[in-house]
Amino acid sequence: MNFAFSDEQEQLRDAVRKFLEAKSPSAEVRRLMETTEGYDEAVWKQMAQELGLQSLHLPEAHGGQGFTFVELGIVLEEMGRVLLCAPYFSTVALAANAIMNAGSDEQQGAFLPGIAAGETIAALAFTEPNGKWDASGITMEAQGNGDSYTLDGTKMFVIDGHVANQIVVVARLSGTNGEDGISFFSVDGDASGLTRTPLATMDQTRKQARLDLSGVAATPLGDPGSGWAALSKTLDQAAVCLSNEMVGGAQKVLEMSVDYAKVRVQFGRPIGSFQAIKHKCADMLLEVESAKSAAYYASWAAAEDNEELPVVASLAKAYCSDAYFHAAAENIQIHGGIGFTWEHDAHLYFKRAKSSEILLGDATYHRELLAQRIGI
Amino acid sequence: MDFTDTPEEAAFRDEVRTWLGEHLVGEFAEIGGRGGPADETSWDARVEWERILGRDRWVGLSWPEEYGGRAANFAEQVIFNEEYAKANAPARVSFFGEQLFAPTLIAYGTEEQKRRFLPKIQSIEEFWCQGYSEPNAGSDLSNIQTRAVLDGDEWVINGQKVWTTLAHRAQWCFVITRTDPDAPAHKGISYMLVPMDQPGVTVRPLRQMTGTAEFNEVFFDDASTAKDMVLGEVNDGWKVAMATLGFERGTAFLSQQLAFQGELAELIEVAHKNSATDEATIRQRLAQAYIGVQIMKYNGMRMLTSLKKGALGPEASIGKLYWSTWHRDLGELAMDVLGPESQIVVGEPGDDYALNELQRTFMFSRSETIYAGASEIQRNIIGERVLGLPREPKIESAPKEKT
């Protein structure tokens, strides 16, 4: 039994942290969050070419490095820590995993090398205006047969859908319900009949788009109609990835709170010497450390691709969502008035915490999912 | 990162499993694993069982081999506890001796002291109790006023201890006493080993809200112990006392996680039976409890891994705060799962106040967020010693009462 990162994994963390500290300081986050695209093209290329981040856990046969979800989790944690503005989660944690889970080897060979090289930005379009995260939320129907399908309808809340060159769309065969008939399709970002509308987002560091599809030509990924298992797995893997990203943000706001509590003086003493503040920080530490344990363990389960994954994915998503939001909210409270200003970064983390909590289903949703998965 | 057994660990697990399979039979198998270190259910049979454990060196697992232990590392201790819990083997009786006092003794005792006490802890011939808290020294433990004065070859001890678990079963007590009343609070304390069977020691049971009396008051009226029965240096006992507390807050909780997991599984079964699982809020809380107990395990494993690299420090407080809060919440959830049934105690009016296991968890868990350092003290430790937040300014304390 060994619950620690290896020296190589720690070196990866160090390298990513150094890179992100240089490329994604607060000023850069604030610049990019005001843009419609929401990322820096040059940094995106450097991520791929200098650090190989997009190719990290992709198979070596398709241009990847063959690392696991543990390494991917480390990278996402570091990105969450600095609120990196880039279509990484959408491309790697959502779309690439969907392609690996749903697509044939040939299809993986067609799509993954572009992602690995940083040339493709990809998105996973599965949610719709109904805002549901389960199979019942997927109502878009696919018409066609063989390699030739068309899609009509609307996808909502699509992370980075407005900048993706390749969009993995989840739809269902007409006349199917629930988990039956779920299908994956690949659609070009500039496909005819596809209208992409960037949405103004509360969390400006993570962009979302609305996609209206009208007779859009779509290539099936895998066998149409039998995609639920692949989607369910993709969502579990994404929940694990997001949990790790949230842990990075949660650790950062804890540090912000503790640093401030040591230097901010009121009533002639640092506010951190008051138990009211000290105990808040202690509770935050307990929750952040627990969130790390859950997220890291979930990364391992995802890396092993073992039978524990569905349970620990929901477990981690539920716990990390609550822990991050609580920590981000307490961070504002501990900072007092300054924490409520636009100028201070506290609100950026607070907003990211909320958007991450909602994304892929909130804590309540995942607790219920967990209850079902453990037979309650 | 790897949660599977190494070949050595797998072999050890096999050895434990085989031994338990051969020995945990008959009346011992019927006792079951419920109850914590303070529980006296089936006491005599549990003592008999644990003597067999001790004979085959499963008591004192982590002690050095020269003192009869197996020098088991943390992973092996976890494996032993896992298999022990899976086998539903009897709750241990020697917690205070084996888990708290022995590691402290190994760290601070003289060779003679180790040779004198460790064998009898392992053979379950001598039980220990912990003489820390006093009526005026709870969270502020360094305010203890029990006095010890050297008179020739003996220490003469006067004072009162409270919350002394299983004092009525113990032959020995590790007591913190004030040996220099003029020194600052932390500086004049000594860690003494005191025999319980003497005229100067009176044990009085303290009936708790559970209706039972696992805790006691202990009165020392000119009680005595030999001059060399001090662990560490005279007046330097605070450090030793804190080491014991570290063991109590730290590794000891690891064995609890599996018991807690079992309690939750039983509660889920109850909830299925009475259809409480139809209610969305109960489902949410059961799932949350499951999340909590799993993370307790993950936290434990992370802590163990870091322990391989060094000693457990103030981080132990995180574990203590975590498990005690979780267990308290579970007790509250259990009452809500049971509904009105939770309010009925077995027996007739006028009978002994006999709680069932879930009711007992609900009640007893109120003590767990208090003993071994209340949750508020744990938060102070985490804040100050893990996060490095400033201490509260010292208030000039009132002069210590002199006896």
Side-chain angles (χ1 to χ4, degrees), chain A residues 1-6 9 68 70 254-255 257-258 261-262 268-275 277-287 289-301 303-304 311-312 314-316 318-319 322 363-364 366-376, chain B residues 1-6 9 74-76 78-79 265 268 271-272 276-277 280-292 294-306 308-309 315 317-319 321-322 325 375-376 378-384 386-393:
Chain A
M1 195 276 290
N2 171 27
F3 197 168
F5 295 109
S6 67
Q9 288 165 340
T68 73
V70 176
L254 169 64
E255 289 170 20
S257 290
V258 170
K262 285 177 183 171
R269 348 169 349 192
I271 60 170
S273 68
F274 290 100
Q275 289 191 342
I277 300 297
K278 187 177 291 174
H279 289 189
K280 269 187 200 298
C281 292
D283 285 333
M284 284 164 77
L285 177 74
L286 180 144
E287 290 175 20
E289 286 300 316
S290 299
K292 284 182 187 174
S293 297
Y296 298 164
Y297 188 85
S299 289
W300 175 78
E304 295 283 305
V311 167
V312 296
S314 280
L315 182 159
Y319 192 88
D322 283 344
T364 304
H366 278 281
R367 278 190 292 266
E368 174 54 34
L369 200 54
L370 175 71
Q372 292 169 20
R373 285 170 167 181
I374 61 173
I376 292 178
Chain B
M1 204 173 287
D2 186 4
F3 299 97
T4 51
D5 288 342
T6 63
E9 288 164 357
F74 289 108
E76 288 168 339
V78 170
I79 288 168
I268 290 173
H272 272 301
T277 47
T281 51
I282 293 289
R283 298 178 65 77
Q284 285 286 316
R285 290 169 67 193
L286 287 170
Q288 190 65 23
Y290 180 85
I291 291 169
Q294 289 300 112
I295 290 179
M296 201 185 297
K297 179 166 81 182
Y298 308 150
N299 280 346
M301 293 190 295
R302 270 179 77 216
M303 193 190 273
L304 280 180
T305 302
S306 69
K308 286 180 187 167
K309 297 172 182 166
E315 299 83 6
S317 290
I318 298 173
L321 178 60
Y322 188 104
T325 308
S375 295
E376 290 70 21
Q378 307 301 347
R379 289 191 179 94
N380 280 350
I381 294 169
I382 296 166
E384 289 164 14
V386 182
L387 294 172
L389 291 167
R391 289 172 180 275
E392 289 200 71

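Here is the naming used below: chain letters follow the sequence lines, and residue numbers restart at 1 for every chain.
- Within the 4.5 angstrom heavy-atom criterion, atoms from both the backbone and the side chain of A:Lys292 approach chain B.
- When side chains are defined from C-beta on, B:Leu389 counts as touching A:Lys262, because their heavy atoms get closer than 4.5 Å.
- Taking every heavy atom of both residues into account, B:Ala287 and A:Ile376 meet most closely at N-CD1, 4.3 Å.
- Taken to the nearest 0.5 Å, the CD1 atom of B:Ile295 stands 5.0 Å off from the CG atom of A:Leu315.
- Aromatic pair A:Tyr296/B:Tyr298: centroids not less than 6.0 angstrom apart.
- Counting heavy atoms from C-beta outward, A:Glu304 and B:Phe3 have side chains that stay 4.5 Å or more apart.
- Nearest heavy-atom pair, A:Gly375 versus B:His272, reported as atom, atom and distance to 0.1 Å: O-NE2, 3.0 Å.
- Only the side chain of A:Leu285 comes within contact range of chain B, with heavy atoms under 4.5 Å apart.
- Looking at A:Gln372, the atoms closer than 4.5 Å to chain B (heavy atoms on both sides) sit in the backbone and in the side chain alike.
- What you find for B:Asp2 and A:Trp300 is that their closest heavy atoms are CA-NE1, 3.9 Å.
- Distance CD/B:Gln378 to NE2/A:His279: 10.0 Å, rounded to 0.5 Å.
- Between chain A and the residues B:Ile382, B:Asn380, B:Leu321, the most heavy-atom pairs under 4.5 angstrom are made by B:Asn380.
- Atom CD1 of B:Ile291 and atom OG of A:Ser314 lie 8.0 Å apart (nearest 0.5 Å).
- Around atom CZ of A:Arg269, more than 12 heavy atoms belonging to other residues, nucleotides or ligands sit under 6.0 Å away.
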Stepwise side-chain contact (heavy atoms from CB on, under 4.5 Å) test for A:Tyr297 and B:Met301: CA-CA 10 Å; A:Tyr297 188 85; B:Met301 293 190 295; 3.9 Å; yes
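- Residues B:Arg379 and A:Lys278 come closest through the heavy atom pair O-CG, 4.3 Å.
- Applying the side chain to side chain donor-acceptor pair (under 3.5 Å) test to A:Arg367 and every residue at least two apart in sequence or in another chain returns A:Asp322, B:Gln284, B:Gln288.
- Contact of A:Ile271 with chain B is not made at all, since no heavy-atom distance falls under 4.5 Å.
- Only the side chain of B:Ile268 comes within contact range of chain A, with at least one heavy atom under 4.5 Å from a heavy atom of that chain.
- Every residue meeting the side chain to side chain donor-acceptor pair (under 3.5 Å) condition with A:Ser293, not counting sequence neighbours, appears here in chain and number order: B:Asn299, B:Arg302.
- A:Cys281 and B:Leu387 make their closest contact through O-CD1, 3.6 Å (heavy atoms, listed as atom of the first residue, atom of the second, distance).
- When A:Pro270, A:Ser6, A:Ser290 are compared by the number of non-hydrogen pairs under 4.5 Å with chain B, A:Ser290 comes out ahead.
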